[in-house]
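Here's the structure we're looking at; comments come further down.
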Amino acid sequence: MTKHALSAEVICAALGDHPWARRLTVLEQVDSTNTYAKRLAAGGAPSGTVVIANCQTGGRGRLGRSFLSPPDRGVYLSAILRPTAPPEKLLHLTALAAEAVCQAVEQATGLRPKIKWPNDLVVGRKKLCGILTELSLDAQAGQAIILGAGVNCLHTPEEFPPVLRETATSLAIELGHDVDRSLLAAEMMRQLALLEEECLTKKSMWLKRYAADCVSVGQQVQIVRDGEARHAHADGINENGALLVTYDDGTHDAIFFGEVSVRGMYGYV
Ligand code: BTN
């Protein structure tokens, strides 16, 4: 086994007696950990069930995009959460998942990324991690939220395709040394478990931390809806994690995830 192989054993050892350690599946390769986790959720898998893969052949991103997931390079992780509140009370989870992963990256590596609204982790102007939240509704198994996160860990710049080279980065590139993906995965599990536990009881604390980490706030942004782009100032984050903006004509709006694509004006998109 290489020094930085993704290993269920190392992840579980790092988690100790944490309850999520009992419901972990580590796969060498899968189409998408989110798709796999959705199947487990439909089969009744409990909250805290986690799927991690060393490689995804069909990694999925937001807005129908794909997510580059080569072998031996990243942490591709999906967690099943079954919070008791109805979906409309959990809209902020999508944004706060980024805050949880941000915290995990810092705990595991010492590097604290920033967040590009709604839930990309960035270092400088480059993307380090993407997050895809999906709702799974099954008549028998009930409601589940699938939180999927892909963190670029060991990629060298040359390993990103030319179209991504200017906009993507990895922990190894930023830190100048390799990181232990298993320890990062364990920390991601800890922080996501904490988020599930506190997302209703400590919501405002989490949102405050999120807003402090979100680089989009206070910036000029471009909002693309149905192919039409409008410029706006990002004023803040509301209680659902929506981005509050003021357009150039002075009108205000609250932008929800999935509905639009928001770009920083000068750099990372
Ligand atoms: C984005 O950048 O738009 C979101 C990317 C989310 C990627 C992660 S990797 C683990 C999980 N499985 C997937 O297929 N997607 C998410």
Side-chain angles (χ1 to χ4, degrees), residues 32 34-35 38 56 58-69 78 86-99 101-102 113-137 145-152 160-169 206-208 210-269:
S32 151
N34 262 36
T35 307
K38 263 188 175 174
Q56 294 184 119
R60 296 188 287 111
R62 293 176 57 244
L63 307 170
R65 299 184 186 125
S66 59
F67 187 79
L68 184 77
S69 317
S78 298
E88 64 274 16
K89 292 240 180 305
L90 295 167
L91 296 172
H92 58 299
L93 260 190
T94 293
L96 294 187
E99 182 58 31
V101 179
C102 209
K114 291 287 188 183
I115 299 168
K116 177 184 170 283
W117 186 90
N119 56 13
D120 280 351
L121 266 56
V122 295
V123 181
R125 291 175 175 271
K126 296 189 171 181
K127 177 164 167 170
L128 178 75
C129 162
I131 293 177
L132 176 67
T133 314
E134 296 181 294
L135 183 66
S136 156
L137 287 171
I145 289 171
I146 315 294
L147 283 184
V151 185
N152 300 331
F160 289 111
V163 288
L164 291 183
R165 221 163 277 165
E166 295 305 312
T167 57
T169 191
W206 277 85
L207 279 167
K208 226 179 257 170
Y210 173 89
D213 282 325
C214 181
V215 284
S216 310
V217 174
Q219 298 287 316
Q220 285 297 119
V221 293
Q222 193 184 48
I223 294 161
V224 186
R225 185 181 267 142
D226 300 329
E228 193 199 325
R230 290 183 75 183
H231 291 173
H233 182 266
D235 305 323
I237 305 292
N238 79 4
E239 71 283 3
N240 292 322
L243 188 68
L244 300 171
V245 300
T246 304
Y247 292 110
D248 289 351
D249 64 6
T251 56
H252 303 291
D253 208 353
I255 309 294
F256 285 90
F257 341 98
E259 189 191 14
V260 293
S261 155
V262 176
R263 301 194 177 124
M265 295 267 283
Y266 309 117
Y268 166 76
V269 288

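Everything numeric here is computed off the predicted structure, so don't read it as measured data.
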Distance-only polar pair, side chains of Asn119 and Thr94, donor-acceptor under 3.5 Å: no
task: Indicate whether the side chain of Ser32 and that of Asn34 have a donor and an acceptor atom separated by less than 3.5 Å.
output: no
Asp253/Arg225 ion pair, N-O < 4.0 Å: yes
In terms of heavy-atom contacts, Ala234 and Leu243 come closest through CB-CD1, 4.1 Å
Here the pair of heavy atoms bringing Gly59 nearest to Ser69 is CA-OG, 4.0 Å
Looking only at heavy atoms, the pair that brings Asp120 and Gly130 closest together is OD1-CA, 3.9 Å
- prompt: With a 4.5 Å limit on heavy-atom distance, are the side chains of Gln220 and Asp248 in contact?
  reply: yes
- Message: Using side-chain heavy atoms (C-beta onward) and a distance below 4.5 Å, is Thr167 in contact with Lys126?
- Response: no
Next item on the list: May I ask you to test the Ile255-Trp117 pair for a side-chain heavy-atom distance under 4.5 Å?
Entry: yes
Nearest heavy-atom contact between Pro161 and Leu68 is CD-CD2, 3.7 Å
So NZ of Lys38 and CG of Leu135: to nearest 0.5 Å the spacing works out to 8.5 Å
### Message
Any heavy-atom pair between the side chains of Thr133 and Ile145 that's under 4.5 Å?
### Response
yes
**Asked** Side chain of Asp226, backbone of Glu228: donor and acceptor closer than 3.5 Å?
**Response** no
Interatomic distance, CZ@Arg65 vs CZ@Arg60, rounded to 0.5 Å, equals 14.5 Å
Q: Could you check if a side-chain atom of Val151 sits within less than 4.5 angstrom of a side-chain atom of Leu121, using non-hydrogen atoms only?
A: no
Rounded to the nearest 0.5 angstrom, the OG1-CG distance for Thr169 and Leu164 is 11.5 Å
Exercise for the section: Return yes when atom CD of Glu88 has more than 12 non-hydrogen atoms of other residues, nucleotides or ligands closer than 6.0 Å, and no otherwise. Expected result: yes
Closest heavy-atom pair, Ser216 versus Val221, reported as atoms and distance to 0.1 Å, is O-CG1, 4.3 Å
Any donor-acceptor pair under 3.5 Å from Arg165 side chain to Phe160 backbone
yes
Closest non-hydrogen atoms of Tyr210 and Pro118, given as atom of the first, atom of the second and distance, are OH-O, 2.6 Å
Output for pair (Ile237 CD1, Leu207 CG), nearest 0.5 Å, gives 8.5 Å
When rounded to the nearest 0.5 Å, the distance separating CD1 of Ile115 from CD1 of Ile131 is 7.5 Å
So CG of Leu96 and SG of Cys102: to nearest 0.5 Å the spacing works out to 11.5 Å
Exercise. Is there a side-chain contact between Thr251 and Thr246 (heavy atoms, below 4.5 Å)?
Worked result: no
ask   = Any side-chain heavy-atom pair from Phe67 and Asn152 closer than 4.5 angstrom?
value = yes
